[in-house]
Amino acid sequence: MNRTKKLISDAFWQLLEERPYNKITVQNIVTCCEMNRNTFYYHFQDIPALAEYSIKEWTEQVIRKNCEFGSPMNCITPLAQEFTKRKAAFIHIYRSSCGEEFIRYLNEITFHVVGLYVEGATENIPIPPEDKAVLTRFYKCAFAGIVIDWLDAGASYDLLDFCGKICDAFEGAEKTAFLKHIPESILP
């Protein structure tokens with residue numbers, strides 16, 4: 001990643017923690033970075049382009065850092081922690097004109113992470129690929145929905161604790177779901 005772009009993106013995240021998206025200006029960003037406006041415009045066309053870049057980079061970083069999971073909670077915990085770290089920023093993005101873009105990346109992150117979990121959890125279970133895809137999409141939708149609900153509630157509850165309670169409530173359900181998708185001809 002280009003060092004100047006990272007500096008600009010970091011300033012954007014910092015400002016998002018402090019104020020709504022529509023209250024952030026290029027001047028705010030360049031002041032925070034101690035650079036001139038031309039430097040900003042050399043790297044980004046405008047603030048929406050910076051927002052898209054920042055969300056995409058954050059998404060890729062979360063995916064790179066979290067690639068092995070042994071349980072549903074191990075899958076969800078790193079994501080919940082990342083959302084909680086920047087909850088004010090995510091509320092501001094979600095409630096802004098970039099909200100749809102954010103939801104697209106949220107779906108990308110959760111699909112990737114849940115897909116890795118399902119692949120690992122079903123490694124020794126002969127489930128048809130189309131059934132794995134159904135399970136992956138279901139769990140992706142569940143977690144993305146939880147994050148959207150949390151944001152709709154103004155991040156007013158502990159996301160990590162809530163996810164833990166959901167995982168406890170459905171403990172073992174994923175194994176049952178995985179086993180239901182094994183063709184009867186393979187079952188003992």
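Atom set for the values below is all heavy atoms of this structure, side chains included, hydrogens, waters and symmetry mates excluded.
The distance from the CG atom of Leu15 to the CD1 atom of Ile29 is 6.0 Å, given to the nearest 0.5 Å. Taken from CD1 in Ile103 to SG in Cys98, the straight-line distance is 11.5 Å, to the nearest 0.5 Å. Atom CD of Gln45 is separated from atom CD of Glu52 by 10.5 Å, given to the nearest 0.5 angstrom. Taking OG of Ser96 as the reference point, atom NZ of Lys23 lies at 13.0 Å (rounded to 0.5 Å). Note: Leu159 CG to Lys87 NZ = 9.5 Å, rounded to the nearest 0.5 Å. Interatomic distance, CG of Asp158 versus NZ of Lys165, reported as 8.5 Å (0.5 Å rounding).
Taking the six-membered ring for Trp and the full ring otherwise, Phe90 and Trp13 have centroids separated by under 6.0 Å. Here Trp150 and Tyr94 keep their ring centres 6.0 angstrom or further from each other.
Within 6.0 Å of CD in Glu100 there are 12 or fewer heavy atoms belonging to other residues, nucleotides or ligands. Counting non-hydrogen atoms of other residues, nucleotides and ligands closer than 6.0 Å to OH of Tyr157 gives a total above 12.
Nearest approach of Ala153 to Ser156, heavy atoms of both residues: O-OG, 2.9 Å. Between Thr4 and Asn2, the shortest heavy-atom distance links the atoms N-OD1, 2.7 Å. When all heavy atoms are compared, the tightest approach of Leu160 to Gln81 is CD2-CG, 4.1 Å. Of all non-hydrogen atoms in Thr110 and Ala144, the two that sit nearest each other are OG1-CB, 4.0 Å. Taking both residues in full, the closest heavy atoms of Ile91 and Ala155 are given as CD1-CB, 3.6 Å, listed atom of the first, atom of the second, then distance. When all heavy atoms of Lys140 and Asn107 are compared, the pair lying nearest together is NZ-OD1, 3.1 Å.
A perpendicular orientation is assigned to the rings of Phe83 and Phe102, their planes being inclined by more than 60° (bins at 30° and 60°).
Residues Ile146 and Cys163 form a side-chain contact, since some pair of their non-hydrogen atoms from C-beta on lies under 4.5 Å apart. Residues Leu50 and His43 form no side-chain contact, since every pair of their non-hydrogen atoms from C-beta on lies 4.5 Å or further apart. With contacts defined as side-chain heavy-atom distances shorter than 4.5 Å, the pair Met35/Leu7 qualifies. At a threshold of 4.5 Å between non-hydrogen side-chain atoms, the residues Val134 and Glu130 do not count as touching. Contact of the Arg137 side chain with the Lys132 side chain is not registered, since no non-hydrogen atoms from C-beta on lie closer than 4.5 Å. Two residues are said to be in side-chain contact when any heavy atoms from C-beta on lie closer than 4.5 Å; Lys85 and Glu82 meet this criterion. Here the side chains of Val147 and Leu79 are not in contact, with every heavy-atom distance at 4.5 Å or above. Counting heavy atoms from C-beta outward, Cys32 and Gln14 have side chains that approach closer than 4.5 Å.
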Candidate pair Ile109 and Trp58, rule side chain to side chain contact (heavy atoms under 4.5 Å, CB included), full reasoning
CA-CA 10 Å; Ile109 290 171; Trp58 178 82; 3.0 Å; yes
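Judged purely by distance below 3.5 Å, without hydrogens or angles, the side chains of Thr39 and Asn36 pair a donor atom with an acceptor atom.
Under the 4.5 Å side-chain heavy-atom criterion for grouping Ile, Leu, Val, Met, Phe, Trp and Tyr, Leu116 is not connected to Phe111 through any hydrophobic cluster. Tyr42 and Phe12 fall into different hydrophobic clusters, where Ile, Leu, Val, Met, Phe, Trp and Tyr residues are linked whenever their side-chain heavy atoms come under 4.5 Å apart, directly or through other members.
With a 6.0 Å cutoff to the six-membered ring centre and a 45° limit on the axis angle, Lys5 counts as a cation-pi contact of Tyr53.
When atom types are taken as modelled, the side chain of His112 and the backbone of Glu108 share no donor-acceptor pair closer than 3.5 angstrom. Of the possible polar contacts, none joining the Asp149 side chain to the Gly145 backbone as a donor-acceptor pair under 3.5 Å is found.
Salt-bridge formation is not detected for the pair Arg86/Glu17: no Lys NZ or Arg NE/NH1/NH2 atom is positioned less than 4.0 Å from an Asp or Glu carboxylate oxygen.
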